[in-house]
Amino acid sequence: NLAIKIAAMNTQQDGFIRNTGPGGDFGDRDVSGYRFDLRWDLSETLAIDYAYDKSDFDYYNTQYQHIRPRTPSGSQADLVAAQPRSVYSTERLKALGTATNYAPSSTDIEGHAFTLTKDFETFQFKYIGAYRELFDKSYADLGGGVSLPEGDDPHGISQSSKDVFRVDSNVYCGQAAEFLYGPNQCTPLVYPVVTQDQFSHELQLSGDLFENRVNYIVGAYYFEEEATENNTPLHHQLSGPVNLDVIPVLGNLLVGLADIRAVNFVSQRYDIDNTAAAVFGQFTWTPPILDDRLQLTFGARHSEDERSTVKFQRDVTIAETLLTAIDVSFVQCGSNPLNGDCRNFDNIPASQDFTNDSFSFVIEYDITDQINIYGKRVEAYKSGGFNTRDPQRDGNQGAATDGIDYGFGYAEGFDAEYVTSYELGVKSELMDRRLRVNADVFFSQYDDMQLNFILTGSVADTKVTNAGQAEMYGFEADITFIATEQLLLMLNYAYLHTEVTKATDVRGNDVTDDFVFFSAPENSFTATADYTLAQADWGRISLNASLNYMDERNGGARAENVKNTQLRQYQLLNTRLSLSDMPFAGGRLGAGLWVKNLLEEEYELTAVDNLPSADRSVIWGEPRTFGLDIFYEY
């Protein structure tokens, strides 16, 4: 009546873009994971399940590669002359450089889960509890991809290092650092550290009534989380030679001075405290008609959410000249340069409460024992909250980083999002269960849809707005066919159409055409074949091949930026040769040799248009990659 399961894994992989500068290579990673499960049947009606898991990720972040140089927009990012100090290519490069020591990143996650199940004569009681912790420190370098000449000190103030363009949080020495911290002082290396812990409790009662005519589940749920993103103290974020032609105010101030360098420093801390509570119920009725092949399901959920946050931010820009360092933070304030502290937040709190009632209805009919058709209507909502990366305290500060006056900021927050979905589908197993066909068509209507987009010309500034109304519809199919005893074929296909149908800004203007869905390909599919080459008492040898296709899709939420964030279509061929089920030491041993992206396809995973050096920068997907898996089960 007691069972235990233990699992462990380790994955090591080198990145595919070499770092020609100091520090680690882009994309290197070492991942370990552990899990412990326990099941204890205390009696025939009482059971306890417990699980513990822990994951450790040690890695170097991947690097954005610049595709197209930046078009000046008059924003803060135009302060530095980044283009002459950046690398551009429309093809995937094998090497890029950093101007500072490229630091490692790490993520640690662990959690506990506990379930108590008690069976009674006509119903079951269940308690589900969980607790999880996250620690994440992530270092990134978003510079131009040019490393310092060999032997140069990346933190010094020599002429060559004054000419360097940087976007990172590493050590900075020089006039700007001394202006802030005193003679011979440097700003420190700062990791943006995210810590989060959460716990949840859920109670369930489930059973049947009226001689199994009604099956039900009712319950209550509670969730709480606390999290902090600590990006303090004041440290380097962006620096480079000043572009006097683009920022007229700064150019007139410093005219006649040579070797001017702009340095932006930032210090940020965000604290959040969120809770969510709900009561829910779902009832399925099988009416005594149509040979009990009809089922009607009704569900309801009442949700209450609280969102609270505190934001601290200090943002300083210093100009280094031959004579002295000058505080030019006013250039960050767009149309209101006299408000030099426009981007500073002194532990400003904000909170909102949200409630919602959502309902669902499902009708199912078994045409035969192997074919089921269904239709359903489901409502859901996502609570609103606050965007801690909004650069403006409120909507009274005028234009944001990109020069646009949105009329709202951090303090106003954003509202809840609502969706109503309709679906018609079929689930079937045919040909003596050799063929499985599951398919559906769907339509979803969004109200007050939340869109999060990066502000053009900024490094990390974002806006979140409730765009208005949007819709998506499509078709999806999942087909599995056992062609022979040795050959298994699978196909997953999806068609998706998305559109923002109505959006207005805070002044009531129609901005529908400004927004698009992102990461929403029109067509995508995966076709897989698995063939058993040999099977005997000593094990099984099989060959697997899969083709994955992804249509072109938008990489950003703003329509005006689609040309810079559009991701092209791609198809990846993956293969795997495996030997499994080999008896070994009382258990089973297996190994697999695999190749991903066999045809060496160049494809983009994501694209951004907000870096100071480029209108379009991408992270490439992996090239042809080989690997070996070894696993043992006991």
Side-chain angles (χ1 to χ4, degrees), residues 9-33 55-67 86-109 134-148 154 165-170 189 191-194 459-460 519 548 550 555 565 567-568 570-576 592-608 610-611 613-614 616-629:
M9 61 84 67
N10 178 263
T11 298
Q12 299 180 31
Q13 182 169 334
D14 291 338
F16 57 90
I17 299 177
R18 183 171 57 89
N19 180 14
T20 59
D25 287 332
F26 307 114
D28 283 4
R29 65 178 183 263
D30 185 344
V31 181
S32 297
S55 301
D56 297 319
F57 301 79
D58 296 309
Y59 62 97
Y60 288 88
N61 262 315
T62 51
Q63 177 79 333
Y64 277 98
Q65 177 190 309
H66 305 323
I67 306 298
S86 302
V87 177
Y88 302 92
S89 176
T90 57
E91 299 179 351
R92 185 181 63 219
L93 299 176
K94 295 182 178 180
L96 291 168
T98 59
T100 60
N101 187 50
Y102 198 56
S105 301
S106 66
T107 303
D108 298 322
I109 305 171
L134 164 71
F135 174 86
D136 175 85
K137 64 174 189 177
S138 179
Y139 179 86
D141 188 317
L142 302 176
V146 179
S147 57
L148 279 183
F165 162 62
R166 290 175 51 185
V167 184
D168 59 67
S169 59
N170 217 311
L189 162 66
Y191 280 94
V193 174
V194 175
V459 176
S519 299
N548 304 307
M550 183 76 71
T565 59
L567 302 173
R568 58 187 170 182
Y570 67 84
Q571 47 279 323
L572 302 180
L573 179 61
N574 305 316
T575 60
R576 179 185 179 90
L593 178 65
W594 49 264
V595 184
K596 294 181 180 179
N597 194 4
L598 181 65
L599 303 181
E600 191 70 12
E601 177 92 357
E602 283 194 357
Y603 63 102
E604 308 123 337
L605 294 176
T606 185
V608 295
N610 65 308
L611 298 182
S613 50
R616 177 174 173 83
S617 301
V618 305
I619 289 181
W620 294 102
E622 293 183 355
R624 184 187 296 117
T625 308
F626 303 85
L628 175 66
D629 294 335

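Owing to the predicted nature of the structure, the values given are computational and were not obtained by experimental measurement.
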Trainee: So, do Thr98 and Pro22 sit near enough that their side-chain heavy atoms are less than 4.5 Å apart?
Mentor: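 SC-SC contact between Thr98 and Pro22 confirmed.
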Trainee: Tell me whether Asp25 contacts the main-chain N or O of Asp14 through its side chain, where contact means a donor paired with an acceptor under 3.5 Å.
Mentor: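 Pair absent, no side-chain N/O of Asp25 close to backbone of Asp14.
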Trainee: With Asp108, which residues qualify under side chain to side chain contact (heavy atoms under 4.5 Å, CB included), at least two apart?
Mentor: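 Partners of Asp108 under the side chain to side chain contact (heavy atoms under 4.5 Å, CB included) test: Asp56, Phe135.
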Trainee: Partners of Asn61 by side chain to side chain contact (heavy atoms under 4.5 Å, CB included), sequence neighbours excluded?
Mentor: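 Listed in chain order: Tyr59, Tyr102, Ser105, Ser138, Ala140.
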Trainee: Rounded to the nearest 0.5 Å, how far apart are CD of Glu91 and CD1 of Ile67?
Mentor: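 Separation between the atoms: 9.5 Å.
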Trainee: Say whether, by atom type as modelled, one donor and one acceptor occur between the side chain of Asp28 and the main chain of Gly15 under 3.5 angstrom.
Mentor: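 Indeed, once roles are kept as given, a pair shorter than 3.5 Å links the two residues.
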Trainee: Which heavy atom of Arg576 sits nearest to which heavy atom of Trp594, and what is that distance?
Mentor: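 Scanning both residues, the minimum pair turns out to be NH1-CD1, 3.5 Å.
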Trainee: Please report the shortest heavy-atom distance between Leu93 and Gln65, naming the atom on each side.
Mentor: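 Scanning both residues, the minimum pair turns out to be N-OE1, 2.9 Å.
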Trainee: Main chain of Val31, side chain of Asn10: is a donor-acceptor contact present, judged purely on distance under 3.5 Å?
Mentor: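 Yes; at least one donor-acceptor contact below 3.5 Å.
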Trainee: More than 12 non-hydrogen atoms from neighbouring residues, nucleotides or ligands closer than 6.0 Å to CD on Glu600, yes or no?
Mentor: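 Enclosed: over 12 neighbouring heavy atoms sit under 6.0 Å from CD of Glu600.
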Trainee: For the side chain of Asn574 and the backbone of Asn597, is there at least one donor-acceptor N/O pair under 3.5 Å apart?
Mentor: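 Side chain of Asn574 to backbone of Asn597, a donor-acceptor pair under 3.5 Å: yes, one is there.
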Trainee: At what distance, to the nearest 0.5 angstrom, does CG of Asp168 lie from CG of Asp141?
Mentor: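 It is 5.0 Å, given to the nearest 0.5 Å.
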Trainee: Considering non-hydrogen atoms only, spot the tightest contact between Trp620 and Arg568 and give its length.
Mentor: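 Closest heavy-atom pair between Trp620 and Arg568: CZ3-NH2, 3.1 Å.
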Trainee: Is there a side-chain contact between Val194 and Pro192, using heavy atoms and a 4.5 Å cut-off?
Mentor: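 Contact flag for Val194/Pro192 side chains = no.
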Trainee: Taking C-beta and beyond as the side chain, do Thr625 and Phe16 meet within less than 4.5 Å on heavy atoms?
Mentor: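 Contact flag for Thr625/Phe16 side chains = no.
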Trainee: Any idea which heavy atoms bring Gly145 and Val87 closest together, and the distance?
Mentor: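 What the structure gives for the nearest pair is O-CG2, 3.7 Å.
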Trainee: Let me confirm one number: the CZ-NZ distance from Arg18 to Lys94, rounded to the nearest 0.5 Å.
Mentor: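 Spacing of CZ (Arg18) from NZ (Lys94) equals 10.5 Å.
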Trainee: For the side chain of Tyr64 and the backbone of Gly144, is there at least one donor-acceptor N/O pair under 3.5 Å apart?
Mentor: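 Judged by distance alone, no pair lies under 3.5 Å.
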Trainee: Would Glu601 and Leu599 count as a side-chain contact (heavy atoms from CB on, under 4.5 Å) here? Give the steps.
Mentor: CA-CA 6 Å; Glu601 177 92 357; Leu599 303 181; 5.6 Å; no
Trainee: Can you see whether Ser613 engages His66 through a side-chain donor-acceptor pair at a distance of less than 3.5 angstrom?
Mentor: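 The criterion, which ignores hydrogens and geometry beyond distance, is satisfied for His66 and Ser613.
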Trainee: Would you name the heavy atoms of Leu189 and Tyr139 that are closest together and state the gap between them?
Mentor: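 So the two residues come closest at CD1-CE1, 3.7 Å.
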Trainee: Has Asn19 got a side-chain atom pairing as donor or acceptor with Gly24's backbone, closer than 3.5 angstrom?
Mentor: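 Yes, because the side chain of Asn19 sits within donor-acceptor range (under 3.5 Å) of the backbone of Gly24.
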Trainee: Does the side-chain contact (heavy atoms from CB on, under 4.5 Å) test come out yes or no for Leu572 and Lys596, once each step is laid out?
Mentor: CA-CA 8 Å; Leu572 302 180; Lys596 294 181 180 179; over 6 Å; no
Trainee: Return the set of residues passing side chain to side chain contact (heavy atoms under 4.5 Å, CB included) with Ile109 (not counting sequence neighbours), or none when no residue passes.
Mentor: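 Per chain and number, Ile109 pairs via side chain to side chain contact (heavy atoms under 4.5 Å, CB included) with Phe57, Thr107, Arg132, Leu134.
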Trainee: Shortest non-hydrogen contact from Leu598 to Arg624?
Mentor: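 It is O-NE, 2.9 Å.
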Trainee: Start with the C-alpha distance between Arg29 and Tyr60, add both sets of side-chain angles, then the distance that settles side-chain contact (heavy atoms from CB on, under 4.5 Å), and finish with yes or no.
Mentor: CA-CA 6 Å; Arg29 65 178 183 263; Tyr60 288 88; over 6 Å; no
